[in-house]
Amino acid sequence: MRRIPDFTRTTALVARGLGLTPAQLVSAFRPAGSADLEGVLALRQQEQGKQIWWDDAAFLQWRYHFGSSTQGRGEFWVVATPDGVLAGVGTEEAELGGAAGECRAQFLMDILVRSDLRGSALGPWMNMALHEHYECVMVFGSNSNSNSMVTQQFAQQHRLHTYSLRLRCKDVLERRLGNGTLASLCAPFGDLALLGWRLAHRARGPGELLVSTVTGLDELGPDFARWTPPEDEVGRVRSREFLDWRALSNPRSRFTVSVAWRGDRPVGYLVSQFVPAKSGSQWLQLLDWNTAPDEHESALAALLTDAVQQAAAANCSALRTSVLHIRSERVLRKLGFVLRPDDAAPFVYSCKPSHPLHALKSPQWHITHLDGDVDQPSAIQMRSLRTTQLTAGNLPEEA
Amino acid sequence: MNSQVTVTESEVLEMLASAFEEPVSELRREVTKDDVPGWDSMGALALMAAFDEKLGLELTAAEFREMQKVGDVLDFLQQRGALVNAAHP
């Protein structure tokens, strides 16, 4: 393992490289206010412009406070000097529950450094500074720029598991055989085999649960989704307010929320999105779910079965999900979802000794894709985006 | 500013191996940063700290970015008087 200096030493090294004293660097790192929005937008456009297909001003003010007490769910921290905004990183406060009791953690995201300052170690320094400031910091996912920071700056390391359930095989056959005609000939047989697989794994048991899609959550009551994780699990406490914010009010992406009902009692929900793929097909991404504790297997099975039907009706090639949750993964496998060993988003965190999570040896986590900050355009959004903004090269791989 | 301390090429390669988490046997002059997964922001920090601690040398962000391959690191140290030629100690 490489020797990384501690925060004090790193502050001295990074500050020197920026022409600042250590004290100046520390005081330059602060939550962004409304006056910083323009500088942050300009920096993001300059450094990430080609990847930004959304209204970034609306997105930033949806996600972060920027000095307001009524918007956002976290701070966007900036390193700001008279030279402008040099770098930034976002936080999202999460309410945790279950084995750790009620406590809070900060998910880190949206880290960026001005390109002429790459090599200054400002990114790792900002991570360290947030570790100093907050009791518990977490990260979901990484890219080539952040892989090292994620694996080496956080004490607890986990990886989510990616599962897929294939509905059609023509695109995969085309890729593997390299022959469209042959693929077209073989595909019907492959699709029949896939159907057989699904029938062999279809849910059995209580059929009294109904599933419906909802466009708003108000009518579901204030306690909807607020199901506390079991005592041996740790996860974000979902709430109607969080779901409404994350799934239905996100200016960057459009999601669908399905609810499972036993009579007139909601017993589970699932968030999903139709995602376009390079081959021209689409798949159904399952982004998040939660269930009433006494209905976990039946509610999740009903929601997944409904999702499969929706995906088949929409001619999807597959369903796909990333999750870290033993109980849910058991249900996924029962219904025929297959683990993909090559895809594994990291979930990492570090807590100070004073934080309740620190004492837990091996907590059973419930983490889903929605705990991260990566959003893809939905299939509908893709159709309205200009082709110059997103080329086939920017689309995700086929499931 | 020149270094008051000198190191051999093999000692530099050990420093790089530690900073970039790459086996020293994989580091040769012509190896580029694209071939070394650990040649990133964390690698920059580790190398910055190593040069400062062991050689009394400051490594700026611009200087790190200019280093495209292992040979560039060796040349940088050569120019700062920190690299001793093993044939002429």
Side-chain angles (χ1 to χ4, degrees), chain A residues 1-22 25 47 79 81 83 86-89 108 111-131 139 142-154 157 346 348, chain B residues 1-3 5 7 11-27 31-73 75-77 80 82:
Chain A
M1 182 77 88
R2 57 168 58 127
R3 263 192 61 230
I4 298 297
D6 64 16
F7 179 61
T8 303
R9 183 104 181 78
T10 301
T11 301
L13 288 168
V14 174
R16 185 177 67 181
L18 296 173
L20 302 171
T21 66
L25 176 59
E47 301 299 330
V79 177
T81 69
D83 201 21
L86 308 183
V89 57
L108 309 190
I111 190 166
L112 84 161
V113 175
R114 210 172 69 190
S115 51
D116 63 319
L117 297 175
R118 294 209 187 124
S120 64
L122 199 43
W125 181 82
M126 287 194 292
N127 267 344
M128 288 183 178
L130 290 176
H131 277 69
V139 170
S142 67
N143 55 35
S144 56
N145 290 328
S146 60
N147 277 337
S148 283
M149 284 190 274
V150 162
T151 55
Q152 294 176 17
Q153 290 193 296
F154 295 84
Q157 300 273 322
V348 301
Chain B
M1 183 177 121
N2 277 4
S3 174
V5 178
V7 286
E11 286 171 319
V12 175
L13 294 180
E14 292 283 351
M15 263 194 244
L16 292 180
S18 172
F20 297 153
E21 292 196 304
E22 188 75 9
V24 70
S25 57
E26 298 294 318
L27 295 171
V31 169
T32 70
K33 65 179 190 180
D34 292 336
D35 299 323
V36 183
W39 196 314
D40 56 11
S41 57
M42 292 294 284
L45 177 56
L47 198 63
M48 211 186 282
F51 279 11
D52 183 73
E53 190 180 302
K54 293 180 180 162
L55 305 174
L57 276 183
E58 178 182 349
L59 176 62
T60 67
E63 285 164 344
F64 183 77
R65 278 200 313 281
E66 277 172 24
M67 294 170 178
Q68 299 295 306
K69 55 185 190 299
V70 171
D72 293 338
V73 181
D75 292 343
F76 169 83
L77 293 175
R80 298 287 183 294

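Below, chain A is the first sequence line, B the second, and so on; all start at residue 1. Hydrogens, waters and symmetry mates play no part in the numbers below; they use all other heavy atoms, side chains included.
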- [ ] Select one option (side chain, backbone, both, neither) describing which atoms of A:D116 are under 4.5 Å from chain B's heavy atoms.
- [x] both
- [ ] Check whether any side-chain heavy atom of B:M15 lies under 4.5 Å from a side-chain heavy atom of B:S18, and answer yes or no.
- [x] no
Open item on the list: Heavy-atom pairs under 4.5 Å with chain A: which of B:A50, B:A19, B:P37 has the most?
Closed with: B:A19
Open item on the list: Please classify the contact between A:L13 and chain B as side chain, backbone, both or neither, with a heavy-atom cut-off of under 4.5 Å.
Closed with: both
Task: Under 4.5 Å from any heavy atom of chain A - which part of B:A49 - done: both
Open item on the list: Less than 4.5 Å to any heavy atom of chain A: does that hold for the side chain of B:E53, its backbone, both, or neither?
Closed with: both
TODO: Answer yes when B:D72 and B:K69 have at least one side-chain N-carboxylate O distance shorter than 4.0 Å, and no when they do not.
DONE: yes
TODO: Check the angle between the aromatic planes of B:F76 and B:F51 and answer parallel, tilted or perpendicular using the 30° and 60° thresholds.
DONE: parallel
TODO: Using distance alone, with no hydrogens and no angle criterion, decide if A:Q157 and A:T151 have a side-chain donor and acceptor under 3.5 Å apart.
DONE: no
TODO: Name the orientation class of the two ring planes belonging to B:F20 and B:W39 (parallel below 30°, tilted from 30 to 60°, perpendicular beyond 60°).
DONE: parallel
